[in-house]
Undergrad: 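For reference, the structure I am asking about is given below.
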Amino acid sequence: MNIKITIPNKARNGVSFESELKMVFSDFYTYPSEVKLALFDIIFNVGMTDLNNQWPVFKKAVKAKDWSTAAKESNRKHPISKERNKYVSLADSYA
């Protein structure tokens with residue numbers, strides 16, 4: 001499946017989430033569409049600083065394209081719903 005993702009929303013200071021994800025994951029564009037969507041969801045909730053500094057195992061797994069480990073490490077705390085966490089983990093695990 002090859003889906004072009006265009007996200008018009010901007011993060012703080014006018015920087016796009018896409019640009020921030022490219023800063024954290026240099027090969028972001030090579031990731032499966034499901035993983036890209038999951039990463040957009042995560043960066044929207046936790047922000048680039050926390051993603052970059054507070055999620056070392058997740059970040060390492062994504063960079064290694066170890067989608068199974070990334071899925072296990074993608075869980076976010078309240079107020080993120082169980083359903084949304086499940087969606088993100090499934091997106092990573094089926095990539």
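None of these values were measured; they are calculated from a predicted model.
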Undergrad: Would you say that D41 contacts R84 through its side chain, given a criterion of any heavy-atom pair below 4.5 Å between the two side chains?
TA: yes
Undergrad: For the NZ atom on K72, are there more than 12 heavy atoms of other groups (residues, nucleotides or ligands in this structure) within a distance under 6.0 Å?
TA: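 12 or below, so no.
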Undergrad: Rounded to the nearest 0.5 Å, how far apart are OG of S74 and CD1 of I80?
TA: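 The OG atom of S74 sits 11.5 Å away from the CD1 atom of I80.
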Undergrad: Check for me, please, whether F44 and L51 land in the same ILVMFWY cluster - side-chain distances under 4.5 Å, paths through other members count.
TA: yes
Undergrad: Starting at CG of D66, measure out to CZ of F58 and round the result to the nearest 0.5 Å.
TA: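 Between D66 CG and F58 CZ, I get 11.0 Å after rounding to 0.5 Å.
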Undergrad: How long is the gap from OG on S26 to NZ on K63, to the nearest 0.5 Å?
TA: 6.5 Å
Undergrad: Could you give me the CA-CA distance, side-chain angles and deciding distance for Q54 and V46, then say whether side-chain contact (heavy atoms from CB on, under 4.5 Å) is met?
TA: CA-CA 9 Å; Q54 303 295 319; V46 303; over 6 Å; no
Undergrad: What about L37 and Y29, same hydrophobic cluster or not, with Ile/Leu/Val/Met/Phe/Trp/Tyr joined at side-chain heavy-atom distances under 4.5 Å?
TA: yes
Undergrad: Start with the C-alpha distance between M23 and F28, add both sets of side-chain angles, then the distance that settles side-chain contact (heavy atoms from CB on, under 4.5 Å), and finish with yes or no.
TA: CA-CA 9 Å; M23 285 186 245; F28 174 75; over 6 Å; no
Undergrad: Enter the distance from K59:NZ to N52:CG here, rounded to the nearest 0.5 Å.
TA: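 Those atoms lie 3.5 Å apart.
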Undergrad: Please test D50 against N45 for side-chain contact (heavy atoms from CB on, under 4.5 Å), starting from the C-alpha separation and ending with a verdict.
TA: CA-CA 10 Å; D50 279 357; N45 289 127; over 6 Å; no
Undergrad: Are the side chains of R76 and W55 in contact, using a 4.5 Å heavy-atom criterion?
TA: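 Result yes, sub-4.5 Å side-chain heavy-atom pair found.
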Undergrad: Just wondering, do L39 and V24 contact through their side chains at under 4.5 Å, heavy atoms?
TA: no
Undergrad: Please round to the nearest 0.5 Å and tell me the distance separating atom NZ of K22 and atom CG of D27.
TA: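 Atom-to-atom, K22:NZ and D27:CG are 12.0 Å apart.
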Undergrad: Within a strict 4.5 Å, meaning less than it, do heavy atoms of the M48 and F17 side chains meet?
TA: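 No, side chains not in contact.
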Undergrad: Could you give me the CA-CA distance, side-chain angles and deciding distance for S89 and N75, then say whether side-chain contact (heavy atoms from CB on, under 4.5 Å) is met?
TA: CA-CA 7 Å; S89 76; N75 194 49; over 6 Å; no
Undergrad: Rounded to the nearest 0.5 Å, what's the gap from CD on E20 to CZ on F40? Could you check?
TA: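 Answer rounded to 0.5 Å: 10.5 Å.
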Undergrad: Please determine, by modelled atom types, if T30 and K65 share a side-chain donor-acceptor pair under 3.5 angstrom.
TA: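 Present: a donor and an acceptor within the cut-off.
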Undergrad: Under the ring pair (Phe, Tyr, Trp, His ring centres under 6.0 Å) rule, collect the residues that match up with Y31, sequence neighbours excluded.
TA: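 Partners of Y31 by the ring pair (Phe, Tyr, Trp, His ring centres under 6.0 Å) criterion, ordered by chain and then number, come out as W67.
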